[in-house]
Amino acid sequence: MGTHVPELDRTLIDRDAALAQRDAAINERDVALAKVDFLQNTRSWRFTRPLRTLFRVMRYGFAATRELPEPAVAQVYPAAPEPLPSIEEAPDFATQGRLDILCFANIDWAARFQRPQQLMSQFANHGHRVFYIVPSSVPEQGELYRLTSVAPNVLEVALQRGAQEAYYEKTVTPENHQALSCALAGLITDMNIRTALSVVHIAYWSPVALSLRARHGWHIHYDCMDDWDGFPNIGEQLLSEERKLIGQADLVTVSAALLQQKWSALDPRCVLVRNAVDFDFFRQHCFTNDVLGGLCGPVIGYYGALAQWLDYPLLAALADRRPEWNFILVGDVFVEDMAGLEHKPNVQLLGRKPYSQMPLYLDHFDACLIPFRLYNVTHAVDPVKFYEYISAGKPVISTPLAELSLYQDVLYFATGVDEFIEQIERALAERDLAMIKRRVELARANDWKDRFDSMQLAIGGLYEKVSIVLVTYNNLNLTIQCVNSILRNTTWPNYQLIVVDNGSEDGTKDYLERLRDEVPETKIILNPENRGFAAANNQGLRDADGDVLLLLNNDTVVPGGWLDPLVLHLRDSSIGLIGPVTNTVGNEAKIEVSYTDIQQMQAFADRYTEAHKGQFFDIPMLAMFCVAFRRGILDEVGYLDEAFGIGMFEDDDYSRRVQAAGYRTVCAEDAFVHHYGQASFRKLIASGEYQALWDTNQAYFESKWGAWQPHVYRSGKSSSIK
């Protein structure tokens, strides 16, 4: 039988073991302090004092010239912290955080489904919320705005204003600007819009987008789809405002090479993003059907706006010369004089049809027309219908538009009635299967998905790249919760995540390897042992390629919109180091919070940060549970001091170094991050090792900077929490 150990004896054994650990830690501390004391009393230390002072002045400036102080009379060390909450959260590798799109449109969502709706649909498909703001309607009196769901992740928005305006002629009046700003403020608050991009489709909205940029820092993207100069019913004030917008926008994209040539002088960053086709949609829906049943003879088709840019006399002459051909025109009519087309027996004007039916009509077309008049407006058009026509392999007959010259080997150019008849007859007689395949493959290569990728790349370039360095050491559940929150809530559109593990033994490594597989852009560094806080962060910083570098503890949870204010404040060149306010930290960054559950944290963060928008204050030291700085600061100040070992006081040290280099260390009131606190050190506190580590690192810190000053809360009370 085994020996039975009474419960009291077991308790005494555990107590003796704990006391032995404490005594060992105290002894280690005393040895370290003795070494420092011995060093201070050597002749070499006294003789080299002037050299050390000169070295500190050269390296850190006059802010750090004091020698080691006399030992403090009394030092208060942290008490054992409250136990960590029990956290059970499954890994979620979906990168759900996306900035919102405020699309200041020129046409309703239900209008012809072309570039505006196609690109906004792509944003929506990629997880962005799209607020499609239309100028053509207003909500009921007393309502700030009206929302209508028009597609998954797309809401059409009507904003309240004083009066309707001719938005193709002029820009927003000051009175309407004020009303629109009020309506948008309500929308932004109600819909929790934290990070947004203003996409402008017509310069009428320019003052509104500029106000949003001034208020929130939201970039302006002008997507120029047409040469408005010469466009029907366009006013001179609008043209003048467009020129200003081109110069003031953060990004200008254009749909045609001629537009790029026109605007590059005002904005050299002007990016060409041509039109395209939803290839899969057209290929899946272009099949035999009866929408044009009962026709005899060839079908010559056109769909799109029947506007001023069509050559109606040409179409009327074609109908007269070839009465056996059926001319099918699908689209809204925007002109009064159609040269008698509406009276031709072989011409059908079918009006506007839903986008979903376009492939059905296309299936019936034996030949497709782009009969545009030739002038500056049409030469600057990259017709969406061309890409849609050829997705079915159909032959296309067009006037020689400048933008279509790229594709002259797969279509038929014609001018005048005789050439059009000749080219249409060639198209109708076409039996070249290889040519049909070439057209289909050309359409496949010009999909809206590819255009969106190009646009997203250009948009990403507007934002500083942020490298988030996350150091882990055990506490797997905390790490999962932290990473989940980063992937879900980081709406900043240009960031990378670098995780450095310090030899965890609790399954963290397996989780991180899975994270690398599921989110390939994440970088993972696995250390075989605990290299310490400073060394691990330095590893991550050396692998980072961001313009902004951010160090984050794994015992944090970030809410939506957490990163943006930190990055925006760093655009102030006087700021070297910035951190958020939080619920738990040992200095002025701590604020009182009202939530008692992490599920309530987001609502609190929204209220607090909105109430303190744009506010920050200088702070002597930034704790590195979350701290951000520009790459230039790292180049100038250097990496974290790895002599602090496992950790503690390296954040005090780095704050001093940044200040000595002439920069401010500040705390952002409009950024909040939840912090559990001391997740890695709490075991050391319980065992007494924390105190020894504190004493050793404090002594090293004071050898560089003089007496360490205990941190305080904003109430003025002292804090002993590191």
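The model shown is predicted, which means the values in this text are computed figures rather than measured ones.
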Open item on the list: Can you give me the closest heavy-atom contact between W263 and C270, atom names plus distance?
Closed with: CB-SG, 4.3 Å

Open item on the list: Are D227 and T378 packed together at the side-chain level, in the sense that at least one heavy-atom pair is separated by less than 4.5 angstrom?
Closed with: no

TODO: Nearest 0.5 Å please: distance from the CG atom of L251 over to the CE atom of M455.
DONE: 7.5 Å

Task: Salt bridge present between R630 and D547 (N-O < 4.0 angstrom) - done: no

Task: Salt-bridge contact E156-R146 (side-chain N to carboxylate O under 4.0 Å) - done: no

Open item on the list: Tell me if a side-chain donor or acceptor on E403 pairs with a main-chain N or O of A257 at a distance below 3.5 Å.
Closed with: yes

Open item on the list: How long is the straight-line distance from CZ of F386 back to CG of L411, given to the nearest 0.5 Å?
Closed with: 5.0 Å

- [ ] Provide the full list of salt bridge (Lys or Arg N to Asp or Glu O under 4.0 Å) pairs with a residue in residues 119-141, sequence neighbours left out, each pair given once.
- [x] D100-R129

TODO: State, yes or no, whether a side-chain contact exists between V199 and L102 at a heavy-atom distance under 4.5 Å.
DONE: no

- [ ] Please answer whether the main-chain N or O of A402 pairs with a side-chain N or O of H379 as donor and acceptor at a distance below 3.5 Å.
- [x] yes

Open item on the list: Is it the case that the side chain of H219 and the backbone of L462 share a donor-acceptor pair, with hydrogens and angles ignored and the cut-off at 3.5 Å?
Closed with: yes

- [ ] Over all heavy atoms of both residues, which pair between C103 and H201 is shortest? Give the atoms and the distance, please.
- [x] SG-CE1, 3.3 Å

Open item on the list: Could you check whether E165 and N176, counting side-chain N and O atoms only, form a donor-acceptor pair closer than 3.5 Å?
Closed with: yes

Tabulate below the donor-acceptor pairs under 3.5 Å that side-chain atoms of residues 278-286 make, not counting sequence neighbours, or state none.
| residue | atom | partner | partner atom | Å |
| --- | --- | --- | --- | --- |
| D278 | OD1 | F281 | N | 3.4 |
| R283 | NH1 | S391 | O | 3.0 |
| H285 | ND1 | F281 | O | 2.7 |

Open item on the list: Taking atom NZ as the centre, does K170 end up with more than 12 heavy-atom neighbours from other residues, nucleotides or ligands that are less than 6.0 angstrom away?
Closed with: no

- [ ] Please list, chain by chain and in numerical order, all residues satisfying side chain to side chain donor-acceptor pair (under 3.5 Å) with Q164, sequence neighbours excluded.
- [x] R161

Open item on the list: To the closest 0.5 Å, what do you measure between OG1 (T195) and CG (L563)?
Closed with: 8.0 Å

Open item on the list: Check whether E169 reaches the backbone of A166 with its side chain - one donor and one acceptor, N or O, closer than 3.5 Å.
Closed with: no

TODO: Establish, yes or no, whether a centroid distance under 6.0 Å links the rings of Y375 and W309.
DONE: no

Open item on the list: Checking D190 now: which residues fulfil salt bridge (charged side-chain N to carboxylate O under 4.0 Å, His left out) with it, not counting sequence neighbours?
Closed with: none

Open item on the list: Would R451 and W448 count as a cation-pi pair here, with the cationic atom under 6.0 angstrom from the ring centre and within 45° of the axis?
Closed with: no

Task: Test item: R439 side-chain N/O and I390 main-chain N/O as donor-acceptor pair under 3.5 Å - done: no

Open item on the list: Could you walk me through whether Y168 and N106 satisfy the side chain to side chain donor-acceptor pair (under 3.5 Å) test, starting with their C-alpha distance in whole Å, then the side-chain angles of each, then the deciding distance to 0.1 Å, before giving a yes or no?
Closed with: CA-CA 8 Å; Y168 278 110; N106 64 312; 3.1 Å; yes

Task: N446 side chain to A276 backbone, donor-acceptor under 3.5 Å - done: no

Task: Parallel, tilted or perpendicular: rings of Y303 and F365 (30°, 60°) - done: tilted

Task: Contacts of type side chain to side chain contact (heavy atoms under 4.5 Å, CB included), residue L239, not counting sequence neighbours - done: W228, D229, I234, E236, E242, R243

Open item on the list: Testing the 3.5 Å rule here: is there a donor-acceptor pair between the side chains of D382 and S255?
Closed with: no

Task: Shortest non-hydrogen contact from V567 toward V548 - done: CG1-CG2, 4.3 Å

- [ ] Count the heavy atoms of every other residue, nucleotide or ligand shown that sit under 6.0 Å from CG of D409, and state whether that count exceeds 12.
- [x] yes

Task: Minimum heavy-atom distance I421-W325, with the two atoms named - done: O-CH2, 4.1 Å

Task: Residues W562 and T490: side-chain donor-acceptor under 3.5 angstrom - done: yes

- [ ] Kindly state each residue pair satisfying salt bridge (Lys or Arg N to Asp or Glu O under 4.0 Å) with at least one member in residues 208-217, sequence neighbours excluded.
- [x] R213-D250, R215-E610

Open item on the list: Any non-hydrogen side-chain atom of L362 less than 4.5 Å from a side-chain atom of K394?
Closed with: yes

Task: H221-S198 side chain donor-acceptor pair, cut-off 3.5 Å - done: no

- [ ] Report yes or no: does R631 contribute a side-chain atom to a donor-acceptor pair with the main-chain N or O of G546 at less than 3.5 Å?
- [x] yes

TODO: With sequence neighbours excluded, give me every salt bridge (Lys or Arg N to Asp or Glu O under 4.0 Å) pair touching residues 101-118.
DONE: R115-D223

Open item on the list: For a 4.5 angstrom cut-off between non-hydrogen side-chain atoms, does S206 reach K244?
Closed with: no

TODO: May I ask you to test the V381-M225 pair for a side-chain heavy-atom distance under 4.5 Å?
DONE: no

Open item on the list: With rounding to the nearest 0.5 angstrom, report the CZ to CG distance, R194 to N489.
Closed with: 7.5 Å

Task: Note, T399 side chain near F413 side chain (heavy atom, < 4.5 Å) - done: no

- [ ] Taking all non-hydrogen atoms of both residues into account, name the closest pair between Q122 and H126 and its distance.
- [x] O-ND1, 2.8 Å

- [ ] Please name all residues satisfying side chain to side chain contact (heavy atoms under 4.5 Å, CB included) with Q178, sequence neighbours left out, ordered by chain then number.
- [x] none

Open item on the list: Less than 4.5 Å apart, side chain to side chain, heavy atoms only: is that true for I328 and L292?
Closed with: yes

Show me, pair by pair, the donor-acceptor contacts under 3.5 angstrom made by side chains of residues 350-361, not counting sequence neighbours?
| residue | atom | partner | partner atom | Å |
| --- | --- | --- | --- | --- |
| R352 | NH1 | D332 | OD2 | 3.4 |
| Y355 | OH | Q118 | NE2 | 2.9 |

Task: Qualifying residues under ring-ring contact (aromatic ring centres under 6.0 Å, His included), relative to F123, sequence neighbours excluded - done: H128, F452

Open item on the list: I'd like to know if the side chain of D670 reaches the main chain of T609, judged simply by a donor and an acceptor atom lying under 3.5 Å from each other, with no hydrogens or angles considered.
Closed with: no

Open item on the list: Do I370 and Y389 have side chains that approach each other closer than 4.5 Å (heavy atoms only, starting at C-beta)?
Closed with: yes

Open item on the list: Restricting to side chain to side chain contact (heavy atoms under 4.5 Å, CB included), what partner residues turn up for H216, sequence neighbours left out?
Closed with: I188, L212, W218, K613

Task: Presence of salt bridge, R321 and D418, under 4.0 angstrom - done: yes

Open item on the list: Could you report the tightest heavy-atom contact between Y302 and K385, atom names first, then the distance?
Closed with: CE1-CE, 3.7 Å

Task: Sequence-distant partners of E419, side chain to side chain contact (heavy atoms under 4.5 Å, CB included), two or more places apart - done: A414, T415

Open item on the list: So does A319 get a backbone contact from the side chain of N346, meaning a donor-acceptor N/O pair under 3.5 Å?
Closed with: yes

